[in-house]
K.L.:
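Take a look at the following structure, please.
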Amino acid sequence: MTRRARLWVLAAGLLGTAALFAAACLRMPPFGGTWHPYGDRAVAAAIAQRTANTVSSVNFDQRALDTLGEESILFAAVLGTVVLLRRTPDERRVAPRPASVPPALRRYAITVLPLALLIGLYVVAHGQLSPGGGFQGGVVVATALHLLYIGVDHRALERVRPVGLYELADGVGEGAYVVLGAAGLLAGSAYLANTLPHGTFNTLASGGTVPLLNAAVGMEVASAVVVLLAHFLAQALEIVDEKAVDEKTVDEQTVDEKAVDEKAVDEKEEKEKE
């Protein structure tokens, strides 16, 4: 296909998208009105399924299949990163040297880490009750762990972050969501249908499959972010160490060349004296 043909295809696609967008905007209810067909149905369905947080009901019940696609995108991104940044046979990793951290920053990181970790777990566990959920809480949990990298050093982070374990947890979180979706089929309903007992409204055990799917997403997101940052940090350390090794090699070669030159001069002087 020529460049001109590609531009025509692009123009046709943009015009079609613009026409659909304009048609959708014209059919929207007026701002500030009382007619909200989607919102009314979503709230009614959330209450019927005993889920206090309507957003979580939409994400993990009414449109749970969409959330599976979003989670799978993150899982595929992590998998691709691990494959692309894997260490080749000719690469070697040098342990990073500990860096000096200001005492105030160290105290702040050590103090905030358990609080941030607790908040992240709370956001995940209460996703069906209050604003938040697995996506938000998972990011908070992963960020909390990396306060060790900011406040202490990379070696302290590595001691509490076995990458292999988090890679396994990433796959378990993704697989758990898929398996929980199959429970609807076993119950004679649709895939990802909310078929478990709905419990008591506004309690941790309410919402049927919503808290379980939410927890699976929280595990997958937290593990995925940890694995991503682990490989990015390892790549940065290898690049820095490689530069340091190259500079050291150049310095050693320069010193060796100077030593050879000095030895040659000394031998020449000795011969002239003889």
Side-chain angles (χ1 to χ4, degrees), residues 1 4-78 119-120 122-140 143 173-174 177-178 180-181 183-185 189-196 198-204 206-218 220-222 224-225:
M1 182 180 293
R4 185 181 182 87
R6 289 197 299 269
L7 291 175
W8 276 110
V9 172
L10 175 62
L14 291 176
L15 287 174
T17 302
L20 292 174
F21 183 76
C25 290
L26 293 174
R27 296 288 300 275
M28 289 180 64
F31 180 76
T34 59
W35 186 62
H36 306 288
Y38 185 83
D40 294 340
R41 288 175 172 82
V43 172
I47 295 175
Q49 303 285 29
R50 305 291 189 274
T51 306
N53 185 3
T54 302
V55 176
S56 291
S57 176
V58 172
N59 290 338
F60 302 108
D61 186 0
Q62 302 173 41
R63 302 187 65 174
L65 190 62
D66 294 353
T67 303
L68 175 59
E70 296 166 5
E71 183 188 29
S72 300
I73 290 172
L74 178 60
F75 181 77
V78 174
I119 290 172
Y122 177 90
V123 171
V124 174
H126 291 75
Q128 76 276 17
L129 304 177
S130 57
F135 286 102
Q136 299 88 337
V139 174
V140 174
T143 304
E174 175 73 12
Y177 198 104
V178 175
L180 286 170
L185 298 177
S189 185
Y191 184 72
L192 284 171
N194 194 344
T195 55
L196 294 182
H198 297 153
T200 304
F201 185 76
N202 206 26
T203 62
L204 285 176
S206 62
T209 59
V210 172
L212 299 178
L213 294 175
N214 186 49
V217 168
E220 198 275 334
V221 170
V225 174

K.L.:
Nearest 0.5 angstrom please: Asn59 CG to Arg63 CZ, how far?
P.N.:
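Here the interatomic distance stands at 9.0 Å.
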
K.L.:
Show, in sequence, the C-alpha distance, side-chain angles and deciding distance for Val140 and Val123, and conclude whether the side chain to side chain contact (heavy atoms under 4.5 Å, CB included) test is met.
P.N.:
CA-CA 9 Å; Val140 174; Val123 171; 5.7 Å; no

K.L.:
Take a 6.0 Å sphere around OH of Tyr122 and say whether it holds more than 12 heavy atoms from other residues, nucleotides or ligands.
P.N.:
no

K.L.:
What's the shortest heavy-atom distance between Val178 and Leu68, and which atoms?
P.N.:
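Nearest pair, atom of Val178 first, then Leu68: CG2-CD1, 4.0 Å.
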
K.L.:
Minimum heavy-atom separation for Asn202 and Ala52, please, with both atom names.
P.N.:
OD1-CB, 3.7 Å

K.L.:
Checking the side chain of Asn194 only, and the main-chain atoms of Gly207 only, is there a donor and an acceptor separated by less than 3.5 Å?
P.N.:
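Checked: pair present.
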
K.L.:
Would you please test Arg6 and Val9 for side chain to side chain contact (heavy atoms under 4.5 Å, CB included) and show each step?
P.N.:
CA-CA 5 Å; Arg6 289 197 299 269; Val9 172; 5.6 Å; no

K.L.:
Could you report the tightest heavy-atom contact between Glu71 and Ala216, atom names first, then the distance?
P.N.:
OE2-O, 3.8 Å

K.L.:
On a heavy-atom basis, which atom in Gln49 and which in Asp61 lie closest, and how many Å separate them?
P.N.:
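It is CG-OD2, 3.2 Å.
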
K.L.:
Does Glu220 form a side chain to side chain contact (heavy atoms under 4.5 Å, CB included) with Tyr177? I'd like the steps, not just the answer.
P.N.:
CA-CA 9 Å; Glu220 198 275 334; Tyr177 198 104; over 6 Å; no

K.L.:
State, to 0.1 Å, how close Thr209 and Thr195 come at their nearest heavy-atom pair, and which atoms those are.
P.N.:
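For Thr209 and Thr195, the tightest heavy-atom pair comes out as CG2-N, 4.3 Å.
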
K.L.:
Verify, without hydrogens or angle tests, whether Arg50 (side chain) and Ala48 (backbone) share a donor-acceptor contact under 3.5 angstrom.
P.N.:
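Answer holds: yes.
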
K.L.:
Do Ser57 and Gln62 have a side chain donor and acceptor closer than 3.5 Å?
P.N.:
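There is such a pair between these side chains.
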
K.L.:
Can you find a pair of side-chain heavy atoms, one from Leu212 and one from Leu196, that are under 4.5 Å apart?
P.N.:
yes

K.L.:
Measuring from atom CG of Asn53 to atom CD of Gln128, what distance do you get when rounded to the nearest 0.5 angstrom?
P.N.:
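Atom-to-atom, Asn53:CG and Gln128:CD are 8.5 Å apart.
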
K.L.:
Between the side chain of Arg41 and the main-chain N/O of Pro37, is any donor-acceptor distance below 3.5 Å?
P.N.:
yes

K.L.:
Would you say that Leu213 contacts Leu192 through its side chain, given a criterion of any heavy-atom pair below 4.5 Å between the two side chains?
P.N.:
yes

K.L.:
Measure across Ser206 and Thr200 and return the closest heavy-atom pair with its distance rounded to 0.1 Å.
P.N.:
CB-O, 2.9 Å

K.L.:
Ring-plane angle category for Phe60 and Phe135, please: parallel below 30°, perpendicular beyond 60°, tilted otherwise.
P.N.:
parallel

K.L.:
Roughly how far, to the nearest 0.5 Å, is the CD atom of Gln136 from the CG atom of Asn214?
P.N.:
8.5 Å

